[in-house]
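First up is the structure itself, then whatever we jot down about it.
Every number for a ligand or one of its atoms is a count from 1 in the order of the listing.
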Amino acid sequence: MALSPEPVAPIGIFDSGLGGLTVVHALRDALPAEDLVYLGDTARVPYGPKSPDTVRRYADEICRWLLAQGVKAVVVACNTATAHALEHLRATLPVPVVGVIEPGARAAARATRGHVGVIGTSGTIRSHAYRRALAALAPEALVVEQPCPLFVPLVEEGWVDHPVTEQVAREYLAPLVAAGVDTVVLGCTHYPLLAPVLARVLPAGTTLIDSAAETARETAALLASRGLTAPAGRRGGLRLAATDAPDAFATLAARFLGAPVERVEHVGLA
Ligand code: DGL
């Protein structure tokens with residue numbers, strides 16, 4: 001059945017867990033009139049080590065729930081889900097879908113002087129989705145990809161600015177430093193929280209790319225092009241949901257959003 005969404009319908013956003021809230025933060029800044037519905041798949045996080053088929057199945061289940069909430073567009077606020085499921089979702093959903101990889105690659109292509117590092121989960125790096133996007137946008141750039149699987153658990157543990165995290169970062173980023181990268185794409189939703197540690201480990205002047213702001217800009221342009229922008233002057237709301245442990249989600253979500261979180265719904269999927 002084809003849907004005909006209204007401009008006042010909410011935007012649906014999802015991630016494997018909390019990290020996508022960095023994108024919610026940017027969407028609220030860029031599109032304050034929009035209602036947002038966010039689902040974090042905390043029951044099945046992390047997506048990073050999982051197979052593409054499994055991540056696609058999770059994305060399908062989440063999008064079915066988001067569509068049942070009447071969303072007019074979907075933002076895949078997870079790099080791993082974007083790498084494995086974006087094309088599939090664009091081909092199958094009746095609403096427009098935005099991912100985080102093209103926007104991140106675009107911002108990196110604008111910033112780089114020729115040497116780009118990409119860090120992400122094992123799944124994102126194995127997919128080479130950033131390498132492909134950068135090859136199209138900045139074909140002359142040298143791209144060095146590096147999986148950083150320990151970063152997500154360190155952030156979830158709250159060790160965002162901790163000596164252990166810095167030691168791990170030195171190990172992971174050594175090949176990027178050796179290659180002389182001038183720009184590093186934070187190709188995972190959790191990594192913007194590690195920016196101070198990463199900046200200490202990388203040579204001074206290295207540009208860190210967080211795709212959240214660029215993703216919000218792309219979402220705004222897409223809604224405008226489809227006549228789906230919410231009327232200016234209204235104040236959009238934020239509905240948060242998680243597939244497990246909503247109370248723990250609420251506590252950590254406040255850190256990602258930089259604001260207190262009152263309520264997180266529990267949603268059972270599948
Ligand atoms: N949200 C994931 C991403 O951006 C990181 C966490 C996970 O592995 O599920 O790739």
Side-chain angles (χ1 to χ4, degrees), residues 12-27 38-63 66 74-86 89 97-105 107-108 117-131 133 145-160 165 168-169 172 184-195 198 208-216 240-245 248-249 252-253 255-257 269:
I13 303 127
F14 77 91
D15 177 39
S16 54
L18 281 154
L21 291 173
T22 53
V23 177
V24 166
H25 195 54
L27 283 167
Y38 180 92
L39 181 61
D41 195 4
T42 44
R44 302 185 289 199
V45 69
Y47 284 8
K50 298 204 167 79
S51 71
D53 280 352
T54 297
V55 172
R56 264 192 295 278
R57 176 162 56 82
Y58 292 170
D60 275 339
E61 289 166 6
I62 290 169
C63 287
L66 289 172
V74 169
V75 178
V76 185
C78 171
N79 288 263
T80 311
T82 300
H84 296 326
L86 182 69
L89 295 175
V97 186
V98 177
V100 285
I101 290 183
E102 280 161 23
V118 178
I119 55 175
T121 65
S122 302
T124 297
I125 297 303
R126 258 200 314 267
S127 77
H128 301 299
Y130 273 104
R131 183 185 286 287
E145 298 171 293
Q146 174 67 42
C148 303
L150 292 174
F151 279 171
V152 167
L154 286 166
V155 171
E156 298 273 340
E157 193 58 35
W159 287 17
V160 291
T165 309
V168 170
Y172 280 151
V184 174
V185 181
L186 308 180
C188 171
T189 47
H190 284 59
Y191 298 178
L193 290 171
L194 298 175
L198 301 177
L208 297 181
I209 302 290
D210 166 4
S211 55
E214 189 74 18
T215 301
L240 295 175
T243 54
D244 195 17
F249 183 96
L252 285 167
R255 184 184 306 158
F256 276 81
L257 290 172
L269 288 177

**Request:** Kindly compute the distance separating OG1 (T80) from OH (Y58), expressed to the nearest 0.5 Å.
**Result:** 12.5 Å

**Item:** N-O pairing of R57 and D60 below 4.0 Å
**Value:** no

**Prompt:** What residues form a side-chain hydrogen bond (donor to acceptor under 3.5 Å, both in side chains) with T54, not counting sequence neighbours?
**Reply:** S51

**Request:** May I ask you to decide if A43's main-chain N or O and T243's side chain share a donor-acceptor pair within less than 3.5 Å?
**Result:** yes

**Request:** Would you please classify the geometry between the Y191 ring and the F151 ring as parallel, tilted or perpendicular, with 30° and 60° separating the classes?
**Result:** perpendicular

For ligand 1, output the ligand-protein N/O contacts shorter than 3.5 angstrom; if there are none, return none.
unit_1, atom_1, unit_2, atom_2, d
ligand 1, 1 (N), D15, OD1, 2.6
ligand 1, 1 (N), S16, OG, 3.2
ligand 1, 1 (N), T189, OG1, 2.9
ligand 1, 4 (O), N79, N, 3.0
ligand 1, 4 (O), N79, ND2, 3.4
ligand 1, 4 (O), T189, N, 3.0
ligand 1, 4 (O), T189, OG1, 3.1
ligand 1, 8 (O), Y47, N, 3.3
ligand 1, 8 (O), G48, N, 2.9
ligand 1, 9 (O), S16, OG, 2.6
ligand 1, 9 (O), Y47, N, 2.6
ligand 1, 10 (O), T80, N, 3.2
ligand 1, 10 (O), T80, OG1, 2.6

**Check: A245 main-chain N/O paired with T42 side-chain donor or acceptor under 3.5 Å** = no

